[in-house]
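Read through the structure below, which is laid out as structure tokens, and then see the notes.
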2 protein chains.
Amino acid sequence: MSENIFYKLRDDIENGIVTGEFEPGERLDETQLAMRFGVSRTPIREALMQLSAIGLVEIRPRRGAVVVDPAPQRVYEMFEVMAELEGMAGALAARRHTEEDSAALLAAHEKCREAVLSEETDRYYYENEIFHRAIYTASHSGFLEEQCTTLHRRLRPYRRLQLRVRNRMKVSFREHGEIVEAILSGNTDGAREGLRSHVAVQGDRFGDLVANLSNRERRSGRLG
Amino acid sequence: MSENIFYKLRDDIENGIVTGEFEPGERLDETQLAMRFGVSRTPIREALMQLSAIGLVEIRPRRGAVVVDPAPQRVYEMFEVMAELEGMAGALAARRHTEEDSAALLAAHEKCREAVLSEETDRYYYENEIFHRAIYTASHSGFLEEQCTTLHRRLRPYRRLQLRVRNRMKVSFREHGEIVEAILSGNTDGAREGLRSHVAVQGDRFGDLVANLSNRERRSGRLG
DNA sequence: GTCAAGATTTTTGTATACAAGAGCCATGGT
DNA sequence: ACCATGGCTCTTGTATACAAAAATCTTGAC
């Protein structure tokens, strides 16, 4: 589909980052990547430039690109902003959703229910993404949808960690239910608040997040 | 300061876009830009890649880069999101501001007052930016500050147009006053709402915006 | 044995070369 | 006179070449 190689490369590398294949802090060697993807360094560099503009990698002059490794504080802030944007999307969705939006939202919600019943967190993780995307779409704000999608994508690895916390999947699904109801009934404030607290990392969840982050770091051998 | 040329190039080109030197819809010829900046095409391309990732230019395969020309609807949506994020920054600032934050905010506010009195919209435009940045800083959320700054920057040309509307400067400054008071008194909801409505393009302002946009397009000769 | 300074190697940053697609112009046919 | 087709040119996309800086290794001194 994409005529240009650097689009594919960007997506591939980005994917490698959000799936954890390239770990935070890891150095991304241009020559190595070039060999791996069977291209020259030029398109690789162009892809890395794009990722650096998005904030997924950091390019230090003459020292190459590394996968950014945000401090827990920063990750928390990202969730905080995400919560606000999702709340906004929910509020807009409550006002603007069409028949198709409702259908898509309910369908996604059902898929989530199945995932919960099957107790497969990976499956829930996947269906959850579709659920949230359905809300972005229902907001009927193209720009907001874009912003949400980008940030959602960037937070992927951390969300995956969050789901590991005991009972998080069930609690998440219950919250989904309330959100669906608020949106479908046109309750803008309910939808906003529901999504805000659903996404935000509040109370115990912050501790869980930090714990997961440092676990991961310890595993990857960069910390005592 | 910046070792690498493509950082400077990116900033220069971005600046050219937000100041209107490169007009929306304009094609950015790599060779031309390379000559103009006295470099080869390679770093130019890398700069354009970054701008494309940010959303300032669009790169169509084999057809080069053009300055994005968002539809009025899209610009409206951008202001809508900006309003929400600024509201959030205001709410956080109301809770978290330090002594220095207060001082910076008040200083920026005073500068705005001087600009209003001098009736120089360009000067107000400049001081206004500093005022808003002071709020981002006071939010003490690095990520939010980053997001706000980026979006604020992207909306620059449109804000400039908005200030041309009769009395907008005075009204804007009055709103600033209320925002300052809310933040300093720790009134989170007041700060949020004050900033939201200050930034949002509501009511008549939407019409003004659209009118300004189509004026500009007509002037640049791309519309009847 | 350890540390430091110099040399070597690796890797990034930029320029240039080349291939291929898009756009444009001209020529010819209807 | 107008449209279509073919070739020419211009521009982009990718590879490669080369320079300079960083990282690494080696050697020598203490």
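Letters A, B, ... mirror the listed sequences (proteins, then strands); counts begin at 1. Quick caveat: nothing in here was measured; it's all calculated off a predicted structure.
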**Prompt:** In whole angstrom, what separates B:R27's CZ from C:dC24's C1'?
**Reply:** 13 Å

**Message:** Using modelled atom types and a 3.5 Å cut-off, is there a donor and acceptor pairing between side-chain atoms of B:E77 and backbone atoms of A:G142?
**Reply:** yes

**Message:** Whole angstroms only, please: what is the CZ-P distance between B:R63 and C:dG21?
**Reply:** 15 Å

**Item:** Sequence-distant partners of B:R196, side chain to side chain donor-acceptor pair (under 3.5 Å), two or more places apart
**Value:** B:E84, B:E193

**Message:** What is the distance, to the nearest angstrom, from the CG atom on A:L28 to the P atom on C:dT11?
**Reply:** 14 Å

**Item:** Residues forming a side chain to side chain donor-acceptor pair (under 3.5 Å) with B:N128, sequence neighbours excluded
**Value:** B:H132, B:H176

**Message:** Could you work out, with salt bridge (charged side-chain N to carboxylate O under 4.0 Å, His left out) as the rule, every residue matching B:R27, not counting sequence neighbours?
**Reply:** none

**Request:** Let me know the distance between CD of B:E30 and P of C:dT14, rounded to the nearest Å.
**Result:** 16 Å

**Request:** Return the set of residues passing side chain to side chain donor-acceptor pair (under 3.5 Å) with A:R63 (not counting sequence neighbours), or none when no residue passes.
**Result:** none

Under 3.5 Å, which protein N or O atoms sit close to an N or O of nucleotides 15-19 of chain C? Give each pair with its distance.
unit_1	atom_1	unit_2	atom_2	d
C:dA15	OP2	B:S40	N	2.5
C:dA15	OP2	B:S40	OG	2.7
C:dA15	N7	B:T42	OG1	2.9
C:dT16	O4	B:T42	OG1	3.3

**Prompt:** How close or far is atom P of D:dT14 from atom OH of A:Y7, stated in whole angstroms?
**Reply:** 11 Å

**Prompt:** So, A:R154 side chain and A:I54 main chain: donor-acceptor pair closer than 3.5 Å or not?
**Reply:** yes

**Request:** For A:R60 and C:dG13, give me the distance from atom CZ to atom P, rounded to whole Å.
**Result:** 11 Å

**Residues in side chain to side chain donor-acceptor pair (under 3.5 Å) contact with A:E14, at least two apart in sequence or another chain** = A:R153

**Fill in**
B:R133 meets the side-chain contact (heavy atoms from CB on, under 4.5 Å) criterion, sequence neighbours left out, with B:E129, B:I130, B:Y136

**Prompt:** Whole-Å distance between D:dT11 P and B:Q32 CD?
**Reply:** 8 Å

**Complete:** Quick note, A:D29 side chain, CB onward, closest among C:dT11, D:dA23, D:dT11 is C:dT11

**Request:** Please list, chain by chain and in numerical order, all residues satisfying side-chain contact (heavy atoms from CB on, under 4.5 Å) with A:E21, sequence neighbours excluded.
**Result:** A:T19, A:R36

**Prompt:** Quick one, which residues of residues 45-56 of chain A touch DNA chain C with a heavy atom under 4.0 Å?
**Reply:** A:R45

